[in-house]
Protein chains: 2
Amino acid sequence: MGIKQRREREKQEVRQGILTAAREIARQEGWQSVTIRKVAERIEYSPPTIYEYFESKEDILVELLREGFRQMAAALKAVWKVTEDPEQRLLNMAEAYWNFAMSNPELYQVMNGLGGVSFDCLEKPPAARESFVTTQEALVGWAQARGVDIPDIEGAVEIIRSLVHGLISLSMVDRIHGGEPRAKELIHRAMCDMFAAWSTRQEE
Amino acid sequence: MGIKQRREREKQEVRQGILTAAREIARQEGWQSVTIRKVAERIEYSPPTIYEYFESKEDILVELLREGFRQMAAALKAVWKVTEDPEQRLLNMAEAYWNFAMSNPELYQVMNGLGGVSFDCLEKPPAARESFVTTQEALVGWAQARGVDIPDIEGAVEIIRSLVHGLISLSMVDRIHGGEPRAKELIHRAMCDMFAAWSTRQEE
DNA sequence: TTCTATTTTCTAACACTGTTCGACAAAATC
DNA sequence: GATTTTGTCGAACAGTGTTAGAAAATAGAA
């Protein structure tokens with residue numbers, strides 16, 4: 001009776017193959033040239049077969065979006081235990097965010113509607129909220145260690161995220177003078193600036 | 001001999017009509033559904049006629065990109081004279097940047113590769129550099145008035161720009177908790193945080 | 001094994017996209 | 001009025017996402 005399970009396993013493999021193929025093409029040639037027919041050719045099936053595994057092309061992108069947010073959340077959690085210093089931890093998280101985007105640009109693009117990708121309905125997967133919460137916890141830890149009070153912590157997290165995302169997305173369209181090494185340096189500097197600002201808050 | 005000039009004027013009007021039509025469709029239905037045939041129908045010409053005025057569809061987008069950067073640069077310069085206070089001036093510029101993006105989302109998208117737009121070659125028009133320089137001059141003025149030294153001013157400008165752009169682009173895909181009013185508020189707060197950080201630089 | 005029944009896969013097509021070619025008409029020049 | 005230049009369009013090409021129905025492969029029962 002294990003024949004049914006084998007079949008199920010094979011189906012999952014084909015499904016994963018579609019996702020992988022789409023990612024590879026996007027990475028090599030950009031999302032613009034990710035085509036159902038090209039994906040089909042790469043997995044050695046005919047185009048209609050893809051619709052047995054995904055409702056539409058957009059469905060493939062949505063699945064990769066979820067995958068991206070899962071990996072991102074995992075990457076942020078992974079650097080948590082690297083250090084005990086709350087400030088260094090936040091710096092590491094910003095760097096991890098950057099590293100993820102630069103190592104998986106095709107995922108980052110599909111996650112944030114960059115690189116010619118666009119959804120009718122940009123959904124926010126649970127993992128996205130996870131990343132946010134992880135960052136927030138790190139920031140709370142920092143504030144406690146520093147003995148400062150950050151009113152509206154959620155806002156502070158959004159500011160950090162916007163800053164890093166802004167540098168990444170501008171870097172991706174080559175709009176940062178000095179290229180990627182410079183952008184990475186600027187993230188570090190901006191984070192330190194924010195630390196400085198929030199440390200002196202009680203004096204305002 | 002004014003007949004040739006009239007003809008030239010009419011051609012410019014048709015050309016402008018194409019640009020306007022593309023913009024309007026993008027604003028109403030998104031760049032995804034901007035189609036040569038739809039643009040043609042709106043200006044009451046046949047599709048091939050468009051190619052008498054633009055080499056390709058991408059050429060239309062590039063022209064709108066340039067137009068966008070020109071308007072942006074003008075908007076930044078326009079708020080320069082609103083106040084003499086250097087800090088308020090920078091706040092006004094950040095708000096003007098935000099206002100421009102929210103008033104002309106279709107232009108902002110085409111300027112930064114958002115909303116499903118993507119170019120083979122993202123060019124940086126002269127007006128883009130202009131905006132950068134204007135912001136830089138405002139920041140230099142602020143530093144002088146405050147009596148602080150900002151090493152690597154260009155980097156500081158890129159940080160400001162990334163922050164504002166990050167908030168805008170996340171806001172456009174509805175990823176800022178609290179929506180647009182909240183995002184606008186966060187820009188103001190982040191700017192003030194940056195002022196605080198750079199004011200206390202000499203103490204580090 | 002052989003014969004249904006079911007599931008999986010593909011061929012062919014549809015409506016749409018950006019773009020081009022060659023014919024046609026209008027206008028300008030002589 | 002005849003001719004050349006200019007402007008415009010119908011039809012078509014190759015490519016896109018997607019679907020319907022036929023063909024093939026596999027499953028279970030005789």
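On a predicted model such as this, the values are computed, not experimentally measured, just so you know. Lettering follows sequence order; numbering is per chain, from 1.
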Participant: Tell me whether A:Ser103 contacts the main-chain N or O of A:Phe100 through its side chain, where contact means a donor paired with an acceptor under 3.5 Å.
Facilitator: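 Here the side-chain-to-backbone pair does not exist.
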Participant: Between the protein and nucleotides 13-15 of chain C, are there any N/O to N/O pairs under 3.5 Å, and if so, what are the atom names and distances?
Facilitator:
none

Participant: How would you label the contact of B:Lys38 with the nucleic acid (heavy atoms, under 4.0 Å): base, sugar-phosphate, or nothing?
Facilitator: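 No contact.
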Participant: Taking atom P of C:dT8 as reference, at what distance in whole Å does atom OH of A:Tyr45 sit?
Facilitator: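 In whole Å, C:dT8 P lies 11 Å from A:Tyr45 OH.
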Participant: What integer distance in Å separates B:Glu8:CD from D:dT6:P?
Facilitator: 13 Å
Participant: Taking CD from B:Glu41 and P from C:dC16, how many angstroms apart are they, rounded to a whole number?
Facilitator: 12 Å
Participant: Report the distance from atom CZ of A:Phe54 to atom P of D:dG17, rounded to the nearest whole Å.
Facilitator: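 Computing the A:Phe54:CZ to D:dG17:P distance gives 15 Å.
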Participant: What N/O pairs connect the protein and nucleotides 20-22 of chain C at under 3.5 Å? Give each pair on its own line.
Facilitator:
none

Participant: Take A:Gln12 and A:Gln16, measure what side chain to side chain donor-acceptor pair (under 3.5 Å) needs, and give me the verdict at the end.
Facilitator: CA-CA 6 Å; A:Gln12 286 303 323; A:Gln16 188 56 46; over 6 Å; no
Participant: Nearest whole Å is fine: how far is C:dC10 P from A:Ile50 CD1?
Facilitator: 11 Å
Participant: May I ask you to list the residues of residues 15-36 of chain B, by number, that have any heavy atom positioned under 4.0 Å from an atom of DNA chain D?
Facilitator: none
Participant: Are OP1 or OP2 of C:dT9 and a side-chain N or O of A:Thr49 less than 4.0 angstrom apart?
Facilitator: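 Checking A:Thr49 against C:dT9: no side-chain N or O falls below 4.0 Å of OP1 or OP2.
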Participant: Counting heavy atoms from C-beta on, name the nucleotide in C:dT8, D:dT8, C:dT11 closest to the side chain of A:Ser46.
Facilitator: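 The answer is C:dT11.
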Participant: Whole-Å distance between D:dT6 P and B:Tyr53 OH?
Facilitator: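 In whole Å, D:dT6 P lies 14 Å from B:Tyr53 OH.
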Participant: May I ask you to decide if B:Arg37's main-chain N or O and B:Thr35's side chain share a donor-acceptor pair within less than 3.5 Å?
Facilitator: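 Answer holds: no.
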Participant: Could you check whether A:Arg161 pairs with A:Glu154 (Lys NZ or Arg NE/NH1/NH2 to Asp/Glu carboxylate O, under 4.0 Å)?
Facilitator: no
Participant: Any side-chain to backbone donor/acceptor pair from A:Lys38 onto A:Ser33? Under 3.5 Å, distance only.
Facilitator: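 Confirmed, A:Lys38 side chain pairs with A:Ser33 backbone.
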Participant: Short question: side chain of B:Glu158, backbone of A:His177 - any donor-acceptor pair under 3.5 Å?
Facilitator: yes
Participant: Any sub-3.5 Å donor-acceptor pair from A:Trp98's side-chain atoms to A:Val164's backbone N or O?
Facilitator: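 No; judged by distance alone, with no hydrogens or angles, the pair does not exist.
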Participant: Kindly say whether B:Tyr53 contributes a backbone atom to a donor-acceptor pair with the side chain of B:Arg15 at under 3.5 angstrom?
Facilitator: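 Yes: the side chain of B:Arg15 pairs with the backbone of B:Tyr53.
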Participant: Do side-chain atoms of B:Lys77 reach the backbone of B:Glu130 as a donor and acceptor pair under 3.5 angstrom?
Facilitator: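 Not at all, since once roles are kept as given, no pair shorter than 3.5 Å links the two residues.
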Participant: For A:Lys57 and D:dT18, what is the distance between atoms NZ and C1' respectively, to the nearest whole Å?
Facilitator: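 Taking atom C1' of D:dT18 as the reference, NZ of A:Lys57 is at 12 Å.
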Participant: Sub-3.5 Å donor-acceptor pair from the side chain of A:Asn104 to the main-chain atoms of A:Leu107, do we have one?
Facilitator: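 Answer holds: no.
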Participant: Measure CD/A:Glu52 against P/C:dT6 and give the value in whole Å, please.
Facilitator: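 Nearest whole value for this atom pair: 17 Å.
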Participant: If the plane angle is over 60° it's perpendicular, under 30° parallel, otherwise tilted; pick one for A:His165 and A:Tyr108.
Facilitator: tilted
